[in-house]
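Structure first, commentary second.
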Amino acid sequence: MSNGILSRNIRKMNHCGTSCSTIKCWKWDITPVILMHNKPSLRYAVLILNRPISQEEAFMKNFWEKATLRITVDGGALRWDQFLTRLPEEISNKMKIPDLITGDFDSIAEETLQKYKKKGCKVVHTPDQDYTDFTKALKELNNHCQEHTIEVDNVIAIGQASGRLDQILGNIQTLYLAEKQHLLHPETKLYLMSGDSLSWLLEPGNHIISIPEETRKHNRAWCSLVPIGETCHSVTTSGLMWNLDNQSLKFGELVSTSNAFDGSDTVKIKCSHTILWSMKVPSLTGE
Ligand SMILES: Nc1ncnc2c1ncn2[C@@H]1O[C@H](COP(=O)(O)OP(=O)(O)OP(=O)(O)O)[C@@H](O)[C@H]1O
Ligand SMILES: Cc1ncc(C[n+]2csc(CCO)c2C)c(N)n1
């Protein structure tokens with residue numbers, strides 16, 4: 001086991017005792033507070049998708065610089081370029097370049113591609129039209145890690161969830177594919193960060209999610225549990241304003257959006273099927 005903070009705090013624990021030895025347990029201590037003050041031992045990859053970057057300059061700069069691996073996905077390279085113009089030139093000039101630029105390149109301008117090639121970025125063309133550039137980027141990330149014997153515990157994809165609903169759903173599909181098609185190392189966790197919201201999949205089992213103090217204190221801190229693609233027949237929670245007690249989550253019946261925290265330092269969730277968990281994370285957008 002490695003000691004990167006994020007995923008090591010997201011330990012899979014099969015320790016539930018004899019009565020539930022087959023139930024998997026996860027502890028999630030990922031918080032942007034940890035990301036913000038990311039420790040040197042933290043090993044993560046950052047992926048920039050093709051959406052405006054709405055996070056605060058200080059956060060993004062720090063987050064990018066301290067990443068183990070930096071990837072821009074197709075038009076994401078342009079978004080990164082635009083983000084750099086928000087920083088003073090003497091700072092942006094010294095920033096690390098993307099390690100990898102991937103995509104079918106229908107969105108990136110040739111000029112931008114050439115500029116990054118000249119700077120020494122590795123460019124991987126992924127023309128397959130059966131998968132999104134985000135999905136293909138995860139495969140390339142994994143290949144790159146294997147080639148260079150790099151390990152990352154977490155992959156955080158940055159992309160504002162706005163605009164095209166099909167793309168937003170496509171991004172959720174990528175979360176599922178990463179798991180089902182083993183696109184990443186089995187220990188590597190994948191998150192979608194959109195502005196001040198962080199989303200990831202909770203697999204069947206028990207989950208304990210640490211809630212950062214800033215989120216607990218925030219009077220409009222929201223969270224959600226959404227069943228995607230299949231009914232989650234049984235969900236039991238604690239730590240939420242609207243807890244579930246062995247209830248079923250299903251579109252057309254009950255979907256737990258606009259839920260909130262009850263002030264506890266952890267949220268506990270037991271679910272029978274995979275669900276999408278999203279939560280507000282503190283102060284990344286300056287709002
Ligand atoms: N409107 C959007 N909303 C959410 N995510 C998006 C949106 N547009 C693009 N993305 C994300 O950025 C990635 C890279 O986008 P890209 O520049 O390739 O645009 P695209 O050609 O429209 O997307 P794709 O080629 O994946 O269909 C996409 O795979 C997707 O994950
Ligand atoms: C059933 C089915 N629906 C849509 C597409 C189209 N598509 C899905 S991902 C992608 C890549 C976008 O960069 C494209 C064009 C397909 N191939 N198969």
Side-chain angles (χ1 to χ4, degrees), residues 44-55 60 63-64 67 69-85 97-117 119 121-144 152 154-184 188-201 222 224 226 228-230 257 276-281 284-285:
Y44 62 91
V46 56
L47 248 91
I48 306 289
L49 302 179
N50 185 11
R51 298 305 297 149
I53 297 172
S54 59
Q55 283 78 6
M60 262 321 286
F63 191 52
W64 176 267
L69 198 58
R70 289 156 279 270
I71 301 178
T72 62
V73 184
D74 205 343
L78 187 62
R79 304 294 183 166
W80 181 246
D81 249 17
Q82 287 163 346
F83 172 77
L84 289 178
T85 65
I97 57 169
D99 297 286
L100 206 56
I101 295 186
T102 66
D104 57 10
F105 301 144
D106 64 347
S107 305
I108 191 174
E110 185 57 30
E111 192 190 334
T112 311
L113 195 58
Q114 290 310 326
K115 183 177 94 180
Y116 278 107
K117 262 190 185 168
K119 283 177 190 252
C121 298
K122 180 174 162 189
V123 172
V124 180
H125 185 214
T126 57
D128 188 341
Q129 293 300 293
D130 286 337
Y131 292 95
T132 67
D133 283 329
F134 178 21
T135 304
K136 291 174 284 181
L138 293 181
K139 291 186 196 170
E140 294 309 325
L141 183 158
N142 203 36
N143 292 342
H144 186 88
V152 291
N154 302 277
V155 175
I156 295 116
I158 309 269
Q160 187 57 255
S162 62
R164 281 177 52 182
L165 185 60
D166 67 323
Q167 292 274 23
I168 295 167
L169 294 171
N171 289 344
I172 296 168
Q173 156 77 338
T174 303
L175 296 182
Y176 275 85
L177 289 179
E179 180 62 36
K180 298 252 169 1
Q181 297 192 0
H182 311 291
L183 300 184
L184 298 171
T188 305
K189 300 297 172 194
L190 175 61
Y191 305 85
L192 263 179
M193 190 188 279
S194 165
D196 61 358
S197 103
L198 192 67
S199 304
W200 67 94
L201 295 182
W222 58 271
S224 66
V226 179
I228 308 275
E230 63 179 349
T257 54
L276 180 71
W277 164 260
S278 303
M279 64 184 278
K280 178 185 160 52
V281 290
L284 302 178
T285 55

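Just so we're clear, the structure is a prediction, and the values are computed from it rather than from any experiment. Counting convention: from 1, in listed order, for ligands and their atoms alike.
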For Leu49, the atoms of ligand 1 under 4.0 Å from one of its heavy atoms are 11 (C), 12 (O), 31 (O)

| request: Please work out whether the ring planes of Trp200 and Tyr191 are parallel, tilted or perpendicular, with thresholds of 30° and 60°. | output: perpendicular

The answer for which part of Thr174 has a heavy atom under 4.0 Å from ligand 1 is neither

- prompt: Does a donor on one side chain sit under 3.5 Å from an acceptor on the other, for Thr102 and Glu140?
  reply: no

Quiz item: Do Thr126 and Asp133 come within less than 4.5 Å of each other through their side chains, counting heavy atoms only?
Solution: yes

For atom 24 (P) of ligand 1, the closest protein heavy atom turns out to be Asp133 OD2, 4.0 Å

The closest protein heavy-atom partner of atom 13 (C) of ligand 1 is Asn50 N, 3.9 Å

Side-chain contact test, heavy atoms from C-beta onward, threshold under 4.5 Å: evaluate it for Ile158 versus Trp64 and give yes or no. no

**Report entry** Short side-chain to backbone donor-acceptor contact, Thr257 and Ser224, under 3.5 Å
**Finding:** no

Next item on the list: Give yes if a backbone or side-chain nitrogen or oxygen of Gly75 is under 3.5 Å from a nitrogen or oxygen of ligand 1, and no if not.
Entry: yes

With sequence neighbours left out, the residues meeting salt bridge (Lys or Arg N to Asp or Glu O under 4.0 Å) with Asp130 are none

With sequence neighbours left out, the residues meeting salt bridge (Lys or Arg N to Asp or Glu O under 4.0 Å) with Lys115 are Asp81

Quick look: Ser162 vs ligand 1, heavy-atom contacts under 4.0 Å, and the answer is backbone

In this structure, CG of Leu190 is separated from CG of Leu201 (nearest 0.5 Å) by 8.0 Å

Review point. Yes or no on side chain to side chain donor-acceptor pair (under 3.5 Å) for Thr135 and Thr174, after CA distance, side-chain angles and deciding distance?
Key: CA-CA 5 Å; Thr135 304; Thr174 303; 2.8 Å; yes

dist Arg51:CZ -> Gln167:CD (nearest 0.5 Å) comes out at 8.0 Å

The atoms of ligand 1 lying under 4.0 Å from a heavy atom of Asp104, numbered in the order shown, are 25 (O)

among protein heavy atoms, the one nearest atom 29 (O) of ligand 1 is Phe134 N, 3.1 Å

The answer, listing residues by chain and number that come under 4.0 Å of ligand 2 through any heavy atom, is Asp104, Gln129, Asp130, Tyr131, Thr132

Is it the case that the side chains of Ser194 and Ser197 hold a donor-acceptor pair, with the cut-off being a distance below 3.5 Å and no angle test? no

heavy-atom search around atom 16 (P) of ligand 1 in the protein gives Ser107 OG, 3.5 Å

Heavy-atom proximity to atom 7 (C) of ligand 1, picking from Arg51, Gln173, Arg79, points to Arg51

Numbered in order shown, the ligand 1 atoms found under 4.0 Å of a heavy atom of Val73 are 14 (C)

Atom 23 (O) of ligand 1: closest protein heavy atom, distance to 0.1 Å, is Gln167 NE2, 3.2 Å

**Prompt:** Do the side chains of Asp74 and Asp104 get nearer than 4.5 Å, heavy atoms only?
**Reply:** yes

Atoms of ligand 1 under 4.0 Å from any heavy atom of Asp106, numbered from 1 in the order shown, are 21 (O)

Heavy-atom proximity to atom 5 (N) of ligand 1 ranks first, among Asn171, Thr72, Leu192, for Asn171

Here the salt bridge (Lys or Arg N to Asp or Glu O under 4.0 Å) pairs for residues 154-175, sequence neighbours left out, are Arg164-Asp166

